[in-house]
Enquirer: 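Take this structure, written in structure tokens, and hold onto it; I'll ask about it next.
Just so it is clear: chains get the letters A, B, ... in the order the sequence lines come, proteins before strands, and each one is counted from 1.
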Amino acid sequence: MHKDKFKEQFARATAAAFRKIYPDIFVTVGDSRVFNENFIYENLETPRDPKMGRFALPVFKFALLLKDKPPLIASNIAPAAMWFFEENNIEPLISIHAAGGFLNAKTDFKILAKDTLQTVLTKGDKFGNSDIGRNRKLLVEYSSPNIAKPFGIGHLRSTVIGHSLRRIFKKLDYDVVGINYPGDWGTQFGKMIVAYHRWGNKDTLENEPVKKLLELYVRFHTEAEHDDDLNEEARKAFRKLENGDPETVSLWEHFKAISNEEFNLVYSTLGIEFDEVIGESFFNDKMEAVIERLEKAGLTAVSQGALVVKLNDPNLPPCLLKKSDGATLYVTRDLAGLIYRWEKYRFYESLYVVGTAQSDYFKQALGVIEMMEEAEQLSPEARMTGRVKHIDFGWVKFEGKSMSTRRGKLVFLKDVIDQAVTLARKKIKEKNPDLKAVEETARMIGVGAVMYSQLSVRRQKDINFIWDEVLNFEGETGPYLQYTHARLCSLLRIYNDDGRRLVDYSLLDKEEEHRVVELLADFPETVTEAARLYDPYPVASYLIRLAGAFNRVYQRKDEAGRIDKIISADKELSWARIALVRAVQTVLKEGLYLLGLKAPEEM
RNA sequence: GCCCCCGUAGCUCAACUGGACAGAGCAUCUGCCUUCUAAGCAGAGGGUAGCAGGUUCGAGUCCUGCCGGGGGUACCA
């Protein structure tokens, strides 16, 4: 793991200072706690207010050990640490100050700026890359919509989060396989088939077939409320499908084709990629083997006519492998999928980006796997237990109300995107009528706004999908990031140089500029943080901060109240500032890429 | 009933997993475009952190109990 050289120097100096100021205690505890450099490094924090310093060490926890009051400790250590540099003839990269119970470190700006900007400009979009994922196979399952149902905004969240995680982990050199696992099997198809036979025919599915399928699905559920036969019929129809009845199968194929056409359109509009698309039905012929394996492991039981595995956790209901009529369930296929993926990939980790409503379900499935591997006494390397993770995310509501496919209460993603793109088109006409690529740009912005709406909150939080907010392009939004990017590109077009000259970074001496450089230096850490949390959110909020910091530089006013422009008559100064612009543009573009958003050069 | 999650500004959310005076955006109000994109920037107002206890040098963050909301609770996925 790459270490920050400023923090390393801080740790070395303060550890030495602690040894010097508290020699008696050092003798008794030895090279540990505050006397140990690594310990100090690990305990560094970032101050809430960047003005206080780049990083800080709170010393409260050491008061007991050192038998001193925290402010006294800090004020003793700070000068001793600075003295350490002088004593050992080390050029300090930082200055250390005591502030109450904190030791604050400020970095030498010239060094930070030179390091950071040169690194960004030479590495380009590889800035922030890391090799922590080398030789690690990582599976990410996301999107996974249900065939024969429209792609609603409910599916958007899994799609956007998963796709972003795929890119983030790739950046860290993981060998990522992005998987789409569409729901193309199950009792729902029995319902669809019954509904189609009762109320539909070939002509029904001529125009807007996806909406027609939804209508059939909804009608089934409303009528099933006072017609018990319907559900029974549906179960029969699904069994027919499982038994391979040709007519039923071809109808199912037809539904699938209709849905896939719509899904692919959505994916290409959003720019979503997968490495593998395998539907549930792929596992039809692999379920028996799983059931046999579980039986052999002595885990199965028959309960109320159904084949089940009872979990160890008393709070979980038994896991149903087969219904009392012999038909399989979702989990049966998912267990087969889990085993199949483990055997095929021997993954380091496998992530399932699925809503939090399914968390008990995942506990069941993973519980069954764990019990099985335990019963089979597999070696630790042969077990997938602990490597499979449910990456859950909060409920998506629409205008404060729950959505329900069964009741037809849902919002089509297609409609949402259309609205957003239309609005973007309108704004372009208004704000930049000379823009040539209107259609393409409007699409980037509209889609960006919709996608960002799913990333602007930590993934565990519920999201309320509110039109006014999604269609607002100001403030903490995708279009704001894109706009800032376009603005940066515009500057680079005007000041057309190759960026290969010697730059005096000390000319970037304004507070606003310092803040931008500090943020640029934070990018690599932000990416690893996102990976650690399995959440793109840190990247999203980071980009907002970066864009805001740059916009403040861009519109900073001098003492006379005039805008202090990036490009001025002062050549040296302009070069330095353009280097900053180029670095911000690079990171902003890469960050947007990680989120799955396009970065327009003009808008 | 039982099991998870959540309650922070009018609204939507942050706060580096226990640290510094709780921060942003939206909305409202006030400024700023005679050449670098105003989808922007500066500023103002707006807070008893659901309530009550507890642990701690230190609590929005941890523990307990209430109150309120959401989700799940074997033959859906």
Enquirer: Looking at B/rG1, which nucleotide sits across from it as a Watson-Crick or G-U wobble partner, both distances under 3.5 angstrom, or is there none?
Expert: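 Checking every strand shown, B/rG1 finds its partner in B/rU73, with both distances under 3.5 Å.
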Enquirer: Measure CZ/A/F465 against P/B/rG70 and give the value in whole Å, please.
Expert: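 Going from A/F465 (CZ) to B/rG70 (P), I get 21 Å.
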Enquirer: Within the structure shown, what part of the strands sits under 4.0 Å from A/V308 by heavy-atom distance: base, sugar-phosphate, or nothing?
Expert: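 The residue A/V308 makes base contact.
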Enquirer: Can you tell whether the side chains of A/E512 and A/R515 come within less than 4.0 Å, N to carboxylate O?
Expert: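 No, A/E512 and A/R515 are not salt-bridged.
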Enquirer: Contact class for A/Y537 vs. all strands (heavy atom < 4.0 Å): base, sugar-phosphate, or nothing?
Expert: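 Answer is sugar-phosphate: A/Y537 comes under 4.0 Å of backbone atoms only.
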Enquirer: Select base, sugar-phosphate, or nothing to describe what A/E525 touches, counting heavy atoms under 4.0 Å on all strands.
Expert: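 No contact at all - A/E525 keeps every heavy atom at 4.0 Å or more from the nucleic acid.
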Enquirer: I need the CZ-C1' distance between A/F393 and B/rC6, as an integer number of Å.
Expert: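 Taking CZ of A/F393 and C1' of B/rC6, I get 17 Å after rounding.
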Enquirer: Between A/K236 and A/D229, is the closest basic N to carboxylate O distance under 4.0 Å?
Expert: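 Salt bridge absent between A/D229 and A/K236.
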Enquirer: Quick one: label A/G186 by what it contacts on the DNA or RNA (base, sugar-phosphate, nothing), any heavy atom closer than 4.0 Å.
Expert: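 Sugar-phosphate: the residue A/G186, judged by heavy atoms under 4.0 Å, touches backbone atoms but no base.
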Enquirer: Hey, could you give me the CH2/CG distance between A/W185 and A/L329, rounded to the nearest 0.5 Å?
Expert: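 With rounding to 0.5 Å, CH2 (A/W185) is 13.5 Å from CG (A/L329).
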Enquirer: Does a salt bridge link A/K426 with A/E430, judged by any charged N lying under 4.0 Å from a carboxylate O?
Expert: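 Here A/K426 does not pair with A/E430 in a salt bridge, since their nearest N and O are not under 4.0 Å apart.
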Enquirer: Any side-chain N or O of A/T187 under 4.0 Å from OP1/OP2 of B/rA77?
Expert: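 Answer yes for this pair, as a side-chain N or O of A/T187 is under 4.0 Å from OP1 or OP2.
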Enquirer: Between B/rC51 and B/rU61, how far is it from one P atom to the other, in whole Å?
Expert: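 The answer is 11 Å between these two P atoms.
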Enquirer: Atom CG of A/L103 and atom NE2 of A/H97: how far apart are they, to the nearest 0.5 Å?
Expert: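 Going from the CG atom of A/L103 to the NE2 atom of A/H97 covers 10.5 Å.
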Enquirer: Would you call B/rU17 syn or anti, using the 90° rule around 0?
Expert: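 B/rU17: syn glycosidic orientation.
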Enquirer: Could you give the distance separating B/rU37 and B/rC41 at their C1' atoms, to the nearest angstrom?
Expert: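 It comes out at 13 Å once rounded to the nearest Å.
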Enquirer: Reading nucleotides 33-41 of chain B 5' to 3', which nucleotides get B (base under 4.0 Å from a protein heavy atom), which S (sugar-phosphate only), which -?
Expert: ---BBSBBB
Enquirer: Quantified in whole Å, what is the P atom distance between nucleotide B/rC2 and nucleotide B/rG65?
Expert: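 Per the computed distance, 12 Å lies between those P atoms.
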Enquirer: Can you tell me how far C1' in B/rC76 sits from the matching atom in B/rU64, rounded to whole Å?
Expert: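 Here B/rC76 and B/rU64 have their C1' atoms 38 Å from each other.
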Enquirer: Roughly how far apart, to the nearest Å, are B/rA24 and B/rA42 at atom C1'?
Expert: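 Result for the C1' pair: 16 Å, nearest Å.
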Enquirer: What is the distance from CG of A/D535 to P of B/rC16, rounded to the nearest Å?
Expert: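 Going from CG in A/D535 over to P in B/rC16 covers 14 Å.
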Enquirer: Just call it for A/K461: base, sugar-phosphate, or nothing, with non-hydrogen atoms closer than 4.0 Å on any strand.
Expert: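 Touches sugar-phosphate only.
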Enquirer: Between A/E233 and A/K191, does at least one N-O distance fall below 4.0 Å, as a salt bridge requires?
Expert: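 No, no charged N to carboxylate O under 4.0 Å.
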Enquirer: Salt bridge or not between A/D564 and A/K557? Use side-chain N to carboxylate O under 4.0 Å.
Expert: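 So A/D564 does not pair with A/K557 through a salt bridge.
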Enquirer: How does protein reach along nucleotides 17-23 of chain B, written 5' to 3' as B (base within reach of a heavy atom under 4.0 Å), S (only sugar-phosphate), or - (no contact)?
Expert: --BBB--
Enquirer: State the CZ-CG distance between A/F550 and A/L519, to the nearest 0.5 angstrom.
Expert: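 Separation between the atoms: 13.0 Å.
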Enquirer: When the C1' atoms of B/rA39 and B/rC33 are compared, how many Å lie between them, rounded to an integer?
Expert: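 Pairwise C1' distance, B/rC33 against B/rA39, rounds to 15 Å.
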Enquirer: Using the C1' atom on both, measure B/rU8 against B/rA14 and round to a whole Å.
Expert: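 Looking at atom C1' only, B/rU8 and B/rA14 are 10 Å apart.
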Enquirer: Could you tell me whether the phosphate oxygens of B/rA74, OP1 or OP2, come under 4.0 Å of any side-chain nitrogen or oxygen in A/K310?
Expert: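 For B/rA74, OP1/OP2 do not have a side-chain N/O of A/K310 under 4.0 Å.
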Enquirer: Quick one: A/Q460 CD to B/rC6 C1', roughly how many Å, whole number?
Expert: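 Rounded to the whole Å, the gap is 11 Å.
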Enquirer: Do the ring planes of A/H155 and A/F151 sit parallel (below 30°), tilted (30 to 60°) or perpendicular (above 60°)?
Expert: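 A/H155 and A/F151: tilted rings.
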Enquirer: Please give the nucleotide sitting opposite B/rG40 as a Watson-Crick or G-U wobble pair, both distances under 3.5 Å, or none.
Expert: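 WC or wobble partner is B/rC32.
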Enquirer: Closest-nucleotide mapping onto RNA chain B: is A/V457 or A/T356 further toward the 5' terminus? I mean the 5' end.
Expert: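 Closer to the 5' end of RNA chain B: A/V457.
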Enquirer: Quick test of your reading of the model: are A/E529 and A/R532 salt-bridged, counting only N-O distances below 4.0 Å?
Expert: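 Looking at A/R532 together with A/E529, the answer is yes, because their closest N to O distance falls below 4.0 Å.
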Enquirer: Expressed as a whole number of angstroms, how long is the span from A/K69:NZ to B/rG58:P?
Expert: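 After rounding, the reported distance stands at 13 Å.
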Enquirer: Does the structure show a Watson-Crick or G-U wobble partner for B/rU12, both distances under 3.5 Å? Name it, or say none.
Expert: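 For B/rU12, the partner nucleotide comes out as B/rA24, under the 3.5 Å rule.
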Enquirer: Can you measure A/H390 atom NE2 to B/rC4 atom P for me and round it to whole angstrom units?
Expert: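 That distance rounds to 17 Å.
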Enquirer: Just confirming the chi classification of B/rC33, syn or anti, using 90° around 0 as the syn window.
Expert: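 Syn conformation here, the glycosidic angle of B/rC33 being no more than 90° from 0.
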Enquirer: Can you tell me how far P in B/rG18 sits from the matching atom in B/rA59, rounded to whole Å?
Expert: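 14 Å, rounded to whole Å.
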Enquirer: Classify the side chain of A/S303 and the base of B/rA74 as holding, or not holding, a donor-acceptor pair under 3.5 Å.
Expert: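 Donor-acceptor pair under 3.5 Å: yes.
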Enquirer: Strictly below 4.0 Å: does A/K397 bring a side-chain N or O up to OP1 or OP2 of B/rG71?
Expert: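 For B/rG71, OP1/OP2 do not have a side-chain N/O of A/K397 under 4.0 Å.
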Enquirer: How long is the line joining CG of A/N315 and P of B/rC5, in whole Å?
Expert: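 Rounded to the whole Å, the gap is 12 Å.
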Enquirer: Taking any strand in view, what nucleotide pairs with B/rC66 in a Watson-Crick or G-U wobble way, both distances under 3.5 Å?
Expert: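 Matched B/rC66 with B/rG50 under the 3.5 Å cut-off.
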Enquirer: If you define the side chain from C-beta out and look only at heavy atoms, does anything of A/V308 sit under 4.5 Å from A/C319?
Expert: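 They are not in side-chain contact.
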Enquirer: Is A/Q358 touching bases, backbone alone, or none of the nucleic acid, heavy atoms closer than 4.0 Å?
Expert: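 Base contact.
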Enquirer: Round to the nearest Å and state the distance from A/D462 atom CG to B/rC6 atom P.
Expert: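 Between P of B/rC6 and CG of A/D462: 10 Å.
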Enquirer: Nearest 0.5 angstrom please: A/S143 OG to A/I161 CD1, how far?
Expert: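 Atom-to-atom, A/S143:OG and A/I161:CD1 are 11.5 Å apart.
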